[in-house]
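Have a look at the structure below before the remarks.
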There are 2 protein chains.
Amino acid sequence: MLTNGPSLPACGHRNSVVKSPLNRIPLELHTSESIYFKGMCTLAAGTRGPATSIDVAKLAGVSQSAVSRTYTKGASVGAETRARVEAAAAKLGYRPNLIARSLMTRRTNIIGLAVGGLANPFYAAIVEQLSNALQEIGYHVLLFTLTDETDSDELLQQVINLRLDALIMASVSLSSSLASSCQSNGIPVILVNRTTSADGCSSVSTDNEAGATMLAQYVIDAGHSRILYVAGTETTSTNLERERGLTSAIAARDGVAFQRIAGDYDFKTSAQEIAQLLSGSNFVPDAIFCANDFMAFAVMDALRFHHGLRVPQDISVVGFDDSGPASWLSYDLTTYSQPIPQMVEAVISILQAVAQNPDAAPQHVVISGELIIRGSCRGRGDG
Amino acid sequence: MLTNGPSLPACGHRNSVVKSPLNRIPLELHTSESIYFKGMCTLAAGTRGPATSIDVAKLAGVSQSAVSRTYTKGASVGAETRARVEAAAAKLGYRPNLIARSLMTRRTNIIGLAVGGLANPFYAAIVEQLSNALQEIGYHVLLFTLTDETDSDELLQQVINLRLDALIMASVSLSSSLASSCQSNGIPVILVNRTTSADGCSSVSTDNEAGATMLAQYVIDAGHSRILYVAGTETTSTNLERERGLTSAIAARDGVAFQRIAGDYDFKTSAQEIAQLLSGSNFVPDAIFCANDFMAFAVMDALRFHHGLRVPQDISVVGFDDSGPASWLSYDLTTYSQPIPQMVEAVISILQAVAQNPDAAPQHVVISGELIIRGSCRGRGDG
DNA sequence: AAGTCACTTGCATGCGTATGCAACACTGTG
DNA sequence: CACAGTGTTGCATACGCATGCAAGTGACTT
């Protein structure tokens, strides 16, 4: 789909007031003398839309280069010149056209941010904090929300079309074709909360396996011996690592039974699966280890309101992420934290490294979270 | 802040392998014969980064125009030509540079989306669904996350610098200076979940006043007579309208007492304010009307876990929005829905109208939500 | 057979900015 | 006073693509 985008009249040049082709509009129209031509209601820009650096140059009586240099960091401009340019710019309401600038500099200062499932408050928090941080250092953020139907590859090819400076994929897996696509086009890719076997792209993630092990040990230490794992999306690195952490902790102890159901990191799915398991009653868990908080909320609600079970008295529940609602008292969820501020910091750091040297080796940052003990899991002495 | 963006080496031309200035590189470098020059590891594009339409044209043996027309909707290209171009493009991995295209067409196909506070799941849902819809019709979404510290005007001036096709402000108020800025630059502004007195920009919102009245009547009909209003941010249109709806319903009935506290649409603030009120005990409400769901969650938690009150047996709570967690069984919140899909649809419709005719009159769409009766408020017969 | 019309194609130009180069102005040193 | 050095400025060009115009090609009508 290499089309023009939204289907709109292909005419272009919405500013051409007269019918004649643009290249016949006499150059005089560009001068400041024609400001009131046609009596348009906009500011001083006349009929030609926003003022350009040439307009400013003419008004200030300097060259276009001087205007450009005034707004280019590190360029050398005399104080006098700068003042005249700034005065003229203010009068015309001039602002540099970032699109044109990008064409020259080959840098857009736009970072792509792909995310799937903002309904999960943890992802929403990542997006918000990442976006804030990027804005703070002068980047713009182009948001890609991925759904199950969207062909993520197709969509993200646009990253290349737009020549974005980098692509951050938060909680989204990377297809190998996209990875190589970006790589061959020199667009750095940073994975957040995912890892990949594809080399060439950086990643920032939490120590999922160690965290899950720590969490599992806590659960087991509290005296639980029949643990149910509510798995996330099967193919994701987070699910694999967390499950590995859990099962290794279980394997290290005698007499702990393990069962799993598939929650797919989805609220409804988790609720349905837990209901099905409990009605089947083949396996009656005394603790439920959810691959993330979001599913834990669904599970807790199902346990309490559909099955009349008390949490944690009748059954314990733990999650992973420490997302916002985990600390809401209705859930008060024991979980393992993914420290978003640190993850954001790592992303920024990688980004800046890459910006300075596009050929820098990809980095893989693993951040340690911590066990967050709240009330959804019976503690050691509560038995 | 009209600088070059992130502070990076201002050198540019990262592709210039040799030290000589670009304009001395012989034209031959542009031809396909020089593909293997310098043995770069990228695909067939040689040393010059991504392939351009000129590269494709040379390889296909046609003019650059032909390449451009192949990827321009509505342009006329012969089947033979198109085939040759596509073959060449595939071989070179060519993708049209949208930046360059934008410079010509004066349309970026990028929509700005400003939002404040993604922690509120309702806002997160708006962003997700809006973004999905925009992507579906070929737009890109540039996300602006506003915090209390960000100077929204300063930040959003960049909308103009980037020549975005439109700006959508979701749950964010519009400063008049920004409004006029956009207007004078011909950038359409659409407010979602806010209205404004500034003319010139469109808006999409729910019938806040009517909804609040309906909700209030339901609460009163259930027998409540001491209603506490947890206000949202005082200056927002939503808060004003909802409070007006509530107080008018109260005024219409005899013997209903009213009190208010300020929650500022914030989770913690609401919890603190409710605690303070209940400990002061000047006013003991039998129902709490929260200006949005998000605060209602905080309030319910505070009531239940800090004050030992049962909801709805001891006290009723209602919210506004019908955001995701409102249907989570821990809250099971009675609320008034803001139908996001319809709001999104309205935004898209306005956008397309504006795209076809930039001078179209601004539209103000008001959408009807509906009363969502759940379990957080005592019903008529439950007394 | 000449004319008409629809469709393609290439040429040339322009979108708004950044930047290498050369020319210049000015300061301070020997 | 000549000269090197530092800082400014304008000129010209390029970034990659879209598009008006004119020229060209057939097909079809009269």
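A, B, ... follow the sequence lines: proteins, then strands. Residue 1 opens every chain.
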Discussion item. Contact between A/R82 and A/V85 at the side-chain level, heavy atoms closer than 4.5 Å - yes or no?
Written reply: no
Worksheet entry | Distance test, side-chain N/O of A/S76 to OP1/OP2 of D/dG7, below 4.0 Å | no
Discussion item. Please report the distance, rounded to the nearest Å, between CZ in A/R95 and P in C/dT17.
Written reply: 12 Å
Item to complete: Nearest whole angstrom, please: distance from the P of D/dG20 to the CD of B/Q64.
Response: 14 Å
Worksheet item: What is the distance from CZ of B/R69 to C1' of C/dA12, rounded to the nearest Å?
Response: 12 Å
Discussion item. When you measure only distances, ignoring hydrogens and angles, does the side chain of A/S65 come within 3.5 Å of the base of C/dT19 through a donor and an acceptor?
Written reply: yes
Worksheet item: Roughly how many Å is it from CD1 in B/I54 to C1' in D/dC15, rounded to a whole number?
Response: 10 Å
Fill in: Whole angstrom value for the distance that separates C1' of D/dC15 from CG of B/D55
13 Å
Worksheet entry | Comparing B/S53 and A/A79 on DNA chain D - which has the more 5′ nearest nucleotide | A/A79
Worksheet item: Could you go step by step and tell me if A/T70 and A/V56 meet the side-chain contact (heavy atoms from CB on, under 4.5 Å) rule?
Response: CA-CA 11 Å; A/T70 300; A/V56 174; over 6 Å; no
Worksheet entry | Heavy-atom closest contact (B/A66 atom, B/V77 atom, distance) | O-CG1, 4.2 Å
Worksheet item: Counting side-chain heavy atoms from C-beta on, which of D/dC11, C/dG10, D/dA12 comes nearest to A/S63?
Response: D/dC11
Practice prompt. Taking the side chain as every heavy atom from C-beta outward, state whether A/C201 and A/L174 have any pair of such atoms under 4.5 Å apart.
Written response: yes
Practice prompt. Could you state the atom-to-atom distance from CZ of A/R107 to P of C/dT17 in whole Å?
Written response: 18 Å
Item to complete: Round to a whole Å and report the spacing from CE of B/M104 to P of C/dA12.
Response: 17 Å
Response to the item:
Atom CD1 of B/I99 and atom C1' of D/dA14 are separated, to the nearest Å, by 17 Å
Worksheet item: Choosing from C/dT17, D/dG10, D/dA18, which nucleotide comes nearest the side chain of A/V62?
Response: D/dG10
Practice prompt. Report yes if a side-chain nitrogen or oxygen of B/T52 is closer than 4.0 Å to either non-bridging phosphate oxygen (OP1 or OP2) of D/dG16; otherwise report no.
Written response: no
Practice prompt. Name the nucleic acid region contacted by A/V77, choosing base, sugar-phosphate or nothing; use a 4.0 angstrom heavy-atom cut-off, strictly under.
Written response: sugar-phosphate
Worksheet item: Counting side-chain heavy atoms from CB outward, which of D/dG10, C/dT17, D/dC17 is closest to B/R101?
Response: D/dC17
Item to complete: For A/G78 and for B/N97, find the nucleotide of DNA chain D with the closest heavy atom, then tell me which residue's nucleotide is more 5'.
Response: A/G78
Worksheet item: Is there side-chain contact between A/L134 and A/L351, with at least one heavy-atom pair below 4.5 Å?
Response: yes
Worksheet item: Under 4.0 Å between a side-chain N or O of A/T105 and OP1 or OP2 of C/dA18?
Response: no
Worksheet item: Looking at B/Y94, does any N or O in its side chain come under 4.0 Å of the phosphate oxygens OP1/OP2 on D/dC17?
Response: yes
Practice prompt. Indicate the ring-plane relationship of B/H140 and A/F144, choosing parallel, tilted or perpendicular according to the 30° and 60° boundaries.
Written response: perpendicular
Discussion item. Between B/R82 and B/L103, which residue's closest nucleotide on DNA chain C lies nearer the 5′ terminus?
Written reply: B/R82
Practice prompt. Ignoring backbone atoms, establish whether B/R106 has a side-chain N or O less than 4.0 Å from OP1 or OP2 of C/dG16.
Written response: yes
